[in-house]
There are 2 protein chains.
Amino acid sequence: MESCSHPYVPAELDLPGFVPGVLSQIQILGVYLSASVLVISLVWILSGRSLKISKTDRLLMCWWAFTGFTHIIIEGYFVFSPQFFKDKSACYLAEVWKEYSKGDSRYAARDSGVIAIEGITAVLEGPLSLLTVYAIAKKASYSYILQIAISLGQLYGTAVYFITSILDGDNFATNPYYYYSYYVFANSFWVWIPTLIVIRGWMKICAAFQVQVQKKSKKR
Amino acid sequence: MESCSHPYVPAELDLPGFVPGVLSQIQILGVYLSASVLVISLVWILSGRSLKISKTDRLLMCWWAFTGFTHIIIEGYFVFSPQFFKDKSACYLAEVWKEYSKGDSRYAARDSGVIAIEGITAVLEGPLSLLTVYAIAKKASYSYILQIAISLGQLYGTAVYFITSILDGDNFATNPYYYYSYYVFANSFWVWIPTLIVIRGWMKICAAFQVQVQKKSKKR
């Protein structure tokens with residue numbers, strides 16, 4: 001099996017058969033951002049055809065479509081491709097993870113904690129995120145609780161992701177640039193957006209119960 | 001530093017300074033079960049003084065008190081006692097984890113995934129579980145969503161706990177007896193009880209939103 005030195009930290013990480021990525025950072029990010037803008041624009045335009053959906057709900061539909069496709073396609077590929085770092089075909093999804101591993105080499109190293117979190121995210125949270133787009137559009141009674149459930153899962157996963165890294169020495173990034181841009185900045189979206197969604201949903205659910213209590217007391 | 005061979009699997013696990021437990025399994029379980037029966041009985045009796053609390057809610061209050069104290073005291077000790085396996089004082093909580101590690105040696109080995117999950121459980125879910133006892137008693141509007149949030153956290157933690165073990169070879173138990181009694185059976189309570197609580201809370205929240213929608217449509 002051919003072997004090639006890898007750009008990841010720690011340098012002792014053994015990746016037999018590693019093949020360096022061929023796409024540049026700009027190409028990888030360009031495809032991801034373009035596809036994301038396309039999905040978000042489509043959801044925004046289609047949801048705008050209904051006068052009954054508020055702008056906040058349309059924004060949330062965009063988020064759930066974006067995060068759902070990210071979970072299923074990008075993270076789903078990682079979970080089920082243990083040998084992505086050996087890919088020679090310049091497969092886009094393999095390139096994504098070869099690049100992201102510069103921010104967190106636990107991905108290339110197949111750390112069990114990372115795989116467990118990504119597995120739950122890709123297999124459960126991804127499809128449920130897309131269901132949420134439908135639930136918001138249909139004003140389903142389970143819309144807020146579903147949004148809270150997935151958001152709490154994202155927050156729990158991100159917490160375990162960061163805590164395990166700190167406990168294991170917090171030394172998995174190739175350099176501070178990748179540490180702050182990939183590991184810190186990119187992941188931060190899955191901290192502050194789910195937090196806002198949980199707060200909003202929590203308040204809506206409490207309000208619904210207060211309405212129920214008022215209704216019961218009026219009946220008496 | 002004195003060293004003693006330990007009863008855990010894998011045998012290669014290095015635990016310098018390990019001191020064998022002195023309490024028997026029956027003594028350890030006896031104290032835990034007695035304390036649990038005491039807490040559950042107290043909550044059951046005190047909650048029975050109010051005619052307004054249903055039997056289901058009283059049972060749930062017992063669960064939340066039991067799981068809350070387990071999270072804070074038993075699991076909290078583990079998180080903040082990295083050297084429990086060196087304890088010479090027959091401290092009850094160190095004995096608990098020396099014994100439980102026979103079912104899952106990752107506890108003695110300070111596996112980062114286990115510490116991350118136990119940290120979130122002890123620091124966040126424990127105090128929130130006790131808050132839930134109060135929320136149910138007061139029929140707070142956030143009672144169901146709080147119960148769902150903690151239960152989902154327990155389910156997520158248990159899922160990561162089992163998945164990482166499987167990914168790492170599922171070979172951390174001293175023998176099948178400890179595997180099935182400690183690792184599988186004891187943890188199963190934190191699978192089926194939170195699942196039932198999530199299903200119940202989910203239905204209650206959906207019902208509350210249907211009441212809200214009915215109320216709005218009547219106003220028109």
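Within every chain, numbering begins at 1; the chains are lettered A, B, ... in the order of the sequence lines, protein sequences first and strands thereafter.
Minimum interatomic distance between B:Leu167 and A:Ser112 (heavy atoms only, all atoms of both residues): CD1-O, 3.5 Å. Shown here for A:Lys204 and B:Phe209, the closest heavy-atom pair between the two residues is O-CZ, 3.8 Å. In terms of heavy-atom proximity, A:Gln210 sits nearest to B:Ser141 at NE2-OG, 3.3 Å.
Pairs of residues two or more places apart, or lying in two chains, never qualify as salt bridge (charged side-chain N to carboxylate O under 4.0 Å, His left out) while including a residue from residues 129-158 of chain A. Residue pairs satisfying the salt bridge (charged side-chain N to carboxylate O under 4.0 Å, His left out) criterion with at least one member in residues 172-198 of chain B, sequence neighbours excluded, are absent.
Of the listed residues (B:Gly157, B:Ser143, B:Ala207), the one with the most heavy-atom contacts under 4.5 Å to chain A is B:Gly157. Ranked by non-hydrogen atom pairs under 4.5 Å with chain B, the options A:Ala149, A:Gly201, A:Ala140, A:Ala159 are led by A:Ala149.
In this structure, the portions of A:Leu146 lying under 4.5 Å from any heavy atom of chain B include both its backbone and its side chain. Residue contact with chain A, scored on non-hydrogen atoms closer than 4.5 Å, involves the backbone and the side chain of B:Ile145 alike. Contacts of A:Ile205 with chain B are made by both backbone and side-chain atoms, with heavy-atom separations under 4.5 Å. In this structure, chain B has a heavy atom under 4.5 Å from the side chain of A:Tyr144, while its backbone stays farther away.
Using a 4.5 Å cut-off between non-hydrogen atoms, the part of residues 114-124 of chain A that approaches chain B consists of A:Ile115, A:Ala116, A:Ile117, A:Ile120, A:Thr121.
Separating the OH atom in B:Tyr156 from the CD atom in A:Gln154 is a distance of 9.0 Å, to the nearest 0.5 Å. Once rounded to the nearest 0.5 Å, the distance linking CG of A:Leu155 with CG of B:Leu152 reads 12.0 Å.
Scanning for salt bridge (Lys or Arg N to Asp or Glu O under 4.0 Å) contacts around A:Asp57 gives A:Arg200, with sequence neighbours left out.
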